[in-house]
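Quick notes on the structure that follows.
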2 protein chains.
Amino acid sequence: MNIEIASRQLEALGNPSRLTIYRTLVRAGRAGLAVGQLQERMDMPGSTLSHHLKRLIDMGLVRQERAGTSLICHAEYSAMDALLGFLVNECCADEGNCLPPAVKMVRRTETVT
Amino acid sequence: MNIEIASRQLEALGNPSRLTIYRTLVRAGRAGLAVGQLQERMDMPGSTLSHHLKRLIDMGLVRQERAGTSLICHAEYSAMDALLGFLVNECCADEGNCLPPAVKMVRRTETVT
DNA sequence: GCGCTATTTCCAAAATAATGGAAATAGCTT
DNA sequence: AAGCTATTTCCATTATTTTGGAAATAGCGC
C-alpha cells in the first residue's frame, strides 16, 4: 500500500454512486449481488453502472464472478481492510493522539512508505 | 455522517497531492505547518496548493489558524475519525466478517443511515 | 446456429477537476 | 501609509470524470 494506490482507491469510493454501490455489496454479504439486481436497486442505466463497477474492480475493491449469464459482484473486504489500515497508520503516525482510544487500539506496527 | 459527506471527504483525500498534503500535516502533529512550509515540502505553486487546501478545509479535514502573516494548517483528526468510523461500520454492517479481529473490535454500535 | 437475457464496450456530450500565472488581500514593521 | 512577506482569489486552459444510448459480446436453452 502506498499513497498512489490509496489515493486511487479513495477516489474510487469518493463518488456517491460508487460508495452506494460498494455499501450495497457489503450489505449483500457473501452471497453478493448480480449486476442486474444492483442495477434495480441503484436505478441507473446499465452502461453507467458498468463504468462505476469497472472502476471499483480496477481498484480491487470489488470482484466479479460469473454464474451462467449473470455476473455476481462481491465487496472485496481485504482491499478495504488494507486501505483502512493505511489511513489509521497515516493518521496516527507520529503523534498517536488523533483518534479516540478504541480506534487507537488497532494501530498497525509495520512501517508505511 | 452520511453517504454524501463521506463520499466528498473520500474524494478530497482521493488525489495524490491532497493525500500527501494531509499526511504531511498529520505527521507535523499538533504544531501544524504554515502554508509556506507545506509549499516547500510539496514543491508546488502557491495557487495550486491553495486550491487543494481549500478543498480539504471545505470538507473539514484540515483547519487553518492565523499566526501573524502566516496561516498554520492542522489535520482535523476528528473528521478522519468520523470518516473511518463510517467506513468500518459500512464495511461490517451486516456480516461482521469482512475485517480481521483487530479491526472488528472497533465496530461502532450506533445505527448508520 | 437462433433467440434470449445479462452485461460490457464504443462513442460522444456535458460537467467537473486540476493547474498555475497574475492580481488582490491580509497582516506585519517601520 | 509604504514596503514587505504570506497567502488567497481571479481567470483561463487543459485534462479527467461522469453519463448514457446504441452496438457488441457472453453464455444459455432450444
Side-chain angles (χ1 to χ4, degrees), chain A residues 3-25 28 31-76, chain B residues 3-25 28 31-76:
Chain A
I3 289 269
E4 283 75 29
I5 293 177
S7 67
R8 290 177 55 112
Q9 289 184 330
L10 290 166
E11 187 196 53
L13 294 171
N15 168 286
S17 297
R18 285 194 298 269
L19 189 54
T20 304
I21 289 168
Y22 182 79
R23 175 162 82 155
T24 304
L25 289 179
L33 269 181
V35 175
Q37 299 177 291
L38 206 41
Q39 186 179 349
E40 281 174 28
R41 280 177 177 65
M42 298 290 304
D43 192 30
M44 179 182 276
S47 61
T48 301
L49 174 58
S50 192
H51 290 311
H52 283 314
L53 275 174
K54 179 170 175 9
R55 192 84 158 265
L56 291 168
I57 291 164
D58 286 348
M59 295 325 299
L61 292 161
V62 165
R63 172 177 44 87
Q64 277 181 334
E65 82 190 334
R66 189 169 278 279
T69 155
S70 354
L71 285 170
I72 313 294
C73 307
H74 304 267
E76 193 66 85
Chain B
I3 288 269
E4 283 75 29
I5 293 177
S7 67
R8 288 177 57 111
Q9 289 184 330
L10 290 166
E11 186 196 53
L13 294 171
N15 168 285
S17 298
R18 284 193 300 268
L19 189 53
T20 303
I21 290 169
Y22 183 80
R23 175 162 83 155
T24 304
L25 290 180
L33 269 181
V35 175
Q37 299 177 292
L38 205 42
Q39 185 179 350
E40 282 173 28
R41 280 177 178 64
M42 297 289 306
D43 192 31
M44 178 182 279
S47 61
T48 302
L49 175 58
S50 192
H51 290 310
H52 284 313
L53 275 175
K54 178 172 176 4
R55 191 86 157 263
L56 291 167
I57 291 163
D58 285 348
M59 296 322 301
L61 292 161
V62 166
R63 172 177 45 88
Q64 276 181 334
E65 82 190 338
R66 188 170 280 279
T69 157
S70 355
L71 284 171
I72 314 293
C73 308
H74 304 268
E76 193 66 84

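Residue numbers begin at 1 in each chain, while the letters A, B, ... track the order of the sequences. Atom set for the values below is all heavy atoms of this structure, side chains included, hydrogens, waters and symmetry mates excluded.
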Original post:
Can you find a heavy atom in the side chain of A/Met42 that is under 4.5 Å from one in the side chain of A/His52?
Top reply: no

Original post:
Could you state the CD-P distance from A/Glu40 to C/dA6, rounded to the nearest angstrom?
Top reply: 9 Å

Original post:
Quick one: B/Asp43 CG to C/dT19 C1', roughly how many Å, whole number?
Top reply: 14 Å

Original post:
If you pin A/Leu53 and B/Glu11 to their nearest nucleotides in DNA chain C, which one's is more 5'?
Top reply: A/Leu53

Original post:
Under 4.0 Å: is that the gap between some side-chain N or O of A/Asn15 and OP1 or OP2 of D/dT17?
Top reply: no

**OP:** Just call it for A/Thr69: base, sugar-phosphate, or nothing, with non-hydrogen atoms closer than 4.0 Å on any strand.
**Re:** base

**OP:** Looking only at side-chain atoms of A/Val35, point me to the closest of D/dT7, C/dT9, C/dT8.
**Re:** C/dT8

Subject >> Distance in angstrom units between B/Glu65 CD and C/dG27 P, rounded >> reply: 14 Å

Original post:
For B/Met42 and C/dT19, what is the distance between atoms CE and P respectively, to the nearest whole Å?
Top reply: 10 Å

Subject >> Atom pair distance, as rounded to whole Å: CZ in A/Arg18 and P in C/dT16 >> reply: 15 Å

Original post:
What integer distance in Å separates A/Ile21:CD1 from D/dT18:P?
Top reply: 11 Å

Subject >> Residue-phosphate contact under 4.0 Å: B/Thr48 side-chain N/O, C/dT19 OP1/OP2 >> reply: no

**OP:** Starting from C1' on C/dA6, measure out to CG on A/Leu49 and report it in whole angstrom.
**Re:** 12 Å

Subject >> B/Gln64 vs D/dT8: side-chain N/O to OP1/OP2 distance below 4.0 Å >> reply: yes

**OP:** Looking at every strand, decide which applies to A/Ser70 at a 4.0 Å heavy-atom threshold: base, sugar-phosphate, or nothing.
**Re:** sugar-phosphate

Subject >> Donor-acceptor pair, side chain of A/Glu65 and main chain of A/Cys73, under 3.5 angstrom >> reply: no

Subject >> Residue B/Pro45, side-chain heavy atoms: nucleotide from C/dT7, C/dG20, D/dG20 that is nearest >> reply: C/dG20

**OP:** Pick base, sugar-phosphate or nothing for B/His52, based on heavy-atom distances below 4.0 Å to the nucleic acid.
**Re:** sugar-phosphate

Subject >> Options D/dT19, D/dT7, C/dT7, nucleotide nearest the side-chain atoms of A/His51 >> reply: D/dT19

Original post:
What do you reckon, is CZ of A/Arg8 surrounded by more than 12 foreign heavy atoms closer than 6.0 Å?
Top reply: no

**OP:** Assign B/Gln37 to base, sugar-phosphate, or nothing according to its heavy-atom contacts below 4.0 angstrom with the strands shown.
**Re:** nothing

Original post:
Looking for any heavy atom pair under 4.0 Å, which part of the strands does B/Gly46 touch: base, sugar-phosphate only, or nothing?
Top reply: base

Original post:
Which atom names give the shortest non-hydrogen contact between B/Arg66 and B/Thr69, and what distance separates them?
Top reply: NH1-O, 3.6 Å

Subject >> Phosphate contact (C/dA6 OP1 or OP2) by A/Arg66 side-chain N/O below 4.0 Å >> reply: no

Original post:
So which heavy atom on B/Gln64 is nearest to which on B/Leu71, and how close?
Top reply: OE1-CD1, 3.8 Å

Subject >> Rounded distance in Å - CD (B/Gln39) to P (D/dT5) >> reply: 15 Å

Original post:
Which residue, A/Val62, A/Leu53, A/Leu61, A/Leu13, forms the side chain to side chain contact (heavy atoms under 4.5 Å, CB included) with A/Ile21?
Top reply: A/Leu53

